[in-house]
Amino acid sequence: MRDLKIPEQRHPEKARRPDNPQPKKPSWIRVKAPGGKGYADTAKIMRENKLVTVCEEAGCPNVGECWSQGHATMMIMGEVCTRACTFCNIATGRPPEALDIFEPGRVADAVSKLGLNHVVITSVDRDDIEDGGAEHFAQTIRAVRKRSPGTTIEILTPDFIRCDPKVLETVVEARPDVFNHNLETVPGLYPEVRPGARYFHSLRLLQRVKELDPTMFTKSGIMVGLGENRQSVMQVMEDMRAADIDFLTIGQYLQPTPKHHAVDRFVHPDEFAAYEKSAYGKGFLMVSATPLTRSSYHAGDDFARLQAARLAKLG
């Protein structure tokens, strides 16, 4: 039986990799340690509902801030991912269990108990399942909608690369408010950073969401500090806008362990500000580009701004 708290068992495919030094974080990266009543209350609800969160599994630096406000990103379909991306801290391997048919109800219950106005639901990759978990996503969306009809729903999905293209329709027809799928990095770094995925497949997935439902907000994000350059980031922005993506997030890559992909550099906040200005100039409705930006960081506030931006654009 694997113990996912032990790095060698959590990431067996990385165990033989040479260590990459973990450089000291600059002042603009450091955050307070999690704690306080709000944090404890959120943790209790997650444990009582037997839910996994990407906040914990991915080692998000913002977990203290978000959980203290009762915001947590639910991660469905288990805690073991069938992919082995070199940047990611989620456990990898063959998932030991089938999908839990009661999980959508438990997610809906947690959303109700937390009183969320906006919820983000993500998942591990499940390449071992024929539809990649598309129907499970749809069931979770419907369960949350039924229990908390006033809550807006944002999903962060896998790429469904090994599935029939029609599975995407299953997810879109469940009507999430925001469909997010992260490109993660520039195309030239995919072989070493995101093996098993394909840049243009992910881009096309988001484009198809818009074709299926032009009113649905689409969102995607990348990390910087992996070895990309400014020109390649600009090209990703152009590709995203060609796919009619509404919302772009850019954040600093932080190395989870010495066995993960090395941090190439810490990008200065001024460079993030420049990326944000360029992205708005290219036509994105919403942009979040800061060192600590993550897909679901301040997602509720950003959704309100996203809606306002669309209304302003429509006049």
Side-chain angles (χ1 to χ4, degrees), residues 14 17 20-23 25-26 28-29 58 60-61 83-90 122 125 156-161 179-210 218-256 259-297 302:
K14 296 180 176 70
R17 287 170 57 97
N20 289 312
Q22 293 176 279
K25 297 181 181 71
W28 61 80
I29 291 291
C60 179
R83 303 286 175 90
C85 299
T86 60
F87 67 86
C88 186
N89 198 38
I90 292 171
T122 188
D125 276 280
L156 173 55
T157 75
D159 59 13
F160 304 116
I161 197 169
F179 192 111
N180 184 3
H181 172 66
N182 285 332
L183 297 185
E184 305 292 10
T185 188
V186 301
L189 291 176
Y190 260 56
E192 59 180 292
V193 172
R194 204 177 172 218
R198 299 293 180 270
Y199 176 79
F200 287 105
H201 171 87
S202 288
L203 201 61
R204 176 61 182 146
L205 182 86
L206 289 156
Q207 187 178 42
R208 285 189 60 229
V209 171
K210 278 291 190 185
T218 51
K219 178 177 176 181
S220 190
I222 62 169
M223 299 167 288
V224 290
L226 283 159
E228 74 296 321
N229 57 34
R230 181 178 172 80
Q231 182 179 0
S232 61
V233 173
M234 291 294 121
Q235 185 59 58
V236 169
M237 290 185 195
E238 293 284 357
D239 293 343
M240 286 188 182
R241 287 305 302 135
D244 203 18
I245 293 168
D246 300 301
F247 188 168
L248 167 66
T249 62
I250 305 177
Q252 170 71 51
Y253 166 62
L254 298 175
Q255 183 181 341
K259 299 296 183 183
H260 283 76
H261 194 286
V263 174
D264 178 69
R265 68 189 179 104
F266 289 109
V267 178
H268 192 274
D270 290 348
E271 188 171 336
F272 280 101
Y275 283 141
E276 179 177 308
K277 183 177 180 180
S278 294
Y280 276 121
K282 293 180 186 298
F284 287 96
L285 290 179
M286 180 70 201
V287 183
S288 177
T290 72
L292 290 174
T293 288
R294 298 296 182 267
S295 290
S296 54
Y297 189 43
D302 286 344

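Every value quoted in this text rests on a predicted model; they were computed, and no experiment measured them.
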What residues, two or more places apart in sequence or in another chain, satisfy side-chain hydrogen bond (donor to acceptor under 3.5 Å, both in side chains) together with Asn180?
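Once residues adjacent in sequence are excluded, Asn180 has no partner under the side-chain hydrogen bond (donor to acceptor under 3.5 Å, both in side chains) criterion.
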
I'd like to know whether Met237 forms a side-chain contact (heavy atoms from CB on, under 4.5 Å) with Ile250, so could you lay out the CA-CA distance, the side-chain angles of the two residues, the decisive distance to 0.1 Å, and finally the verdict.
CA-CA 10 Å; Met237 290 185 195; Ile250 305 177; 4.0 Å; yes

To the nearest 0.5 Å, what is the distance between [atom1] on [X] and [atom2] on [Y]?
X      : Y      : atom1 : atom2 : result
Phe272 : Leu292 : CZ    : CG    : 8.5 Å
Ile222 : Tyr253 : CD1   : OH    : 15.0 Å
Asp246 : Arg241 : CG    : CZ    : 7.0 Å
Glu192 : Thr185 : CD    : OG1   : 8.5 Å
Arg294 : Met223 : CZ    : CE    : 8.5 Å
Cys88  : Arg194 : SG    : CZ    : 10.5 Å

Test your reading of the model: is there a side-chain donor-acceptor pair from [X] to the backbone of [Y], 3.5 Å cut-off?
X      : Y      : value
Glu184 : Tyr199 : no
Thr122 : Leu156 : yes
Asn182 : Gly221 : yes
Asn20  : His260 : yes

Check: [Y] and [X] side chains under 4.5 Å, non-hydrogen atoms:
X      : Y      : value
Pro187 : Val236 : yes
Glu238 : Gln235 : yes
Met240 : Lys282 : no

Residue pair Thr293, Thr249: steps toward the side chain to side chain donor-acceptor pair (under 3.5 Å) verdict
CA-CA 7 Å; Thr293 288; Thr249 62; over 6 Å; no

If you look at every heavy atom in [X] and [Y], which pair is closest and at what distance?
X      : Y      : result
Gln255 : Ala262 : OE1-CA, 3.6 Å
Gln252 : Phe266 : OE1-CA, 3.4 Å
Arg230 : Ser278 : NH2-OG, 3.6 Å
Ala279 : Val287 : CB-CG2, 3.6 Å
Pro269 : Pro291 : CG-CG, 4.2 Å
Ser220 : Ile245 : N-CG2, 4.0 Å

Going through the distances and angles, do Thr86 and Arg17 end up as a side chain to side chain donor-acceptor pair (under 3.5 Å)?
CA-CA 10 Å; Thr86 60; Arg17 287 170 57 97; 5.3 Å; no

Between Leu226 and Asp264, does the side-chain contact (heavy atoms from CB on, under 4.5 Å) criterion hold? Intermediate values first, please.
CA-CA 5 Å; Leu226 283 159; Asp264 178 69; 5.8 Å; no

Apply side chain to side chain donor-acceptor pair (under 3.5 Å) to residues Tyr275 and Glu271 and explain how you reach the verdict.
CA-CA 6 Å; Tyr275 283 141; Glu271 188 171 336; 3.0 Å; yes

Atom NZ of Lys277 with >12 non-hydrogen neighbours under 6.0 angstrom:
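It does not: Lys277 NZ has 12 such atoms or fewer within range.
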
Heavy-atom count check: over 12 atoms from other residues, nucleotides or ligands less than 6.0 Å from Lys210 NZ?
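For Lys210, atom NZ is crowded (more than 12 foreign heavy atoms under 6.0 Å).
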
Do you know which of Thr218, Asp302, Leu285 makes side chain to side chain contact (heavy atoms under 4.5 Å, CB included) with Phe247?
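Option passing the side chain to side chain contact (heavy atoms under 4.5 Å, CB included) with Phe247: Asp302.
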
Which is it for Leu203 and Leu183 under the side-chain contact (heavy atoms from CB on, under 4.5 Å) test, yes or no, and what are the steps along the way?
CA-CA 7 Å; Leu203 201 61; Leu183 297 185; 3.8 Å; yes

Please, which pairs that meet salt bridge (charged side-chain N to carboxylate O under 4.0 Å, His left out) have at least one residue in residues 195-208, sequence neighbours excluded?
Arg204-Glu211

List the steps and the verdict of side-chain contact (heavy atoms from CB on, under 4.5 Å) for Asp159 and Asp125.
CA-CA 8 Å; Asp159 59 13; Asp125 276 280; 4.1 Å; yes

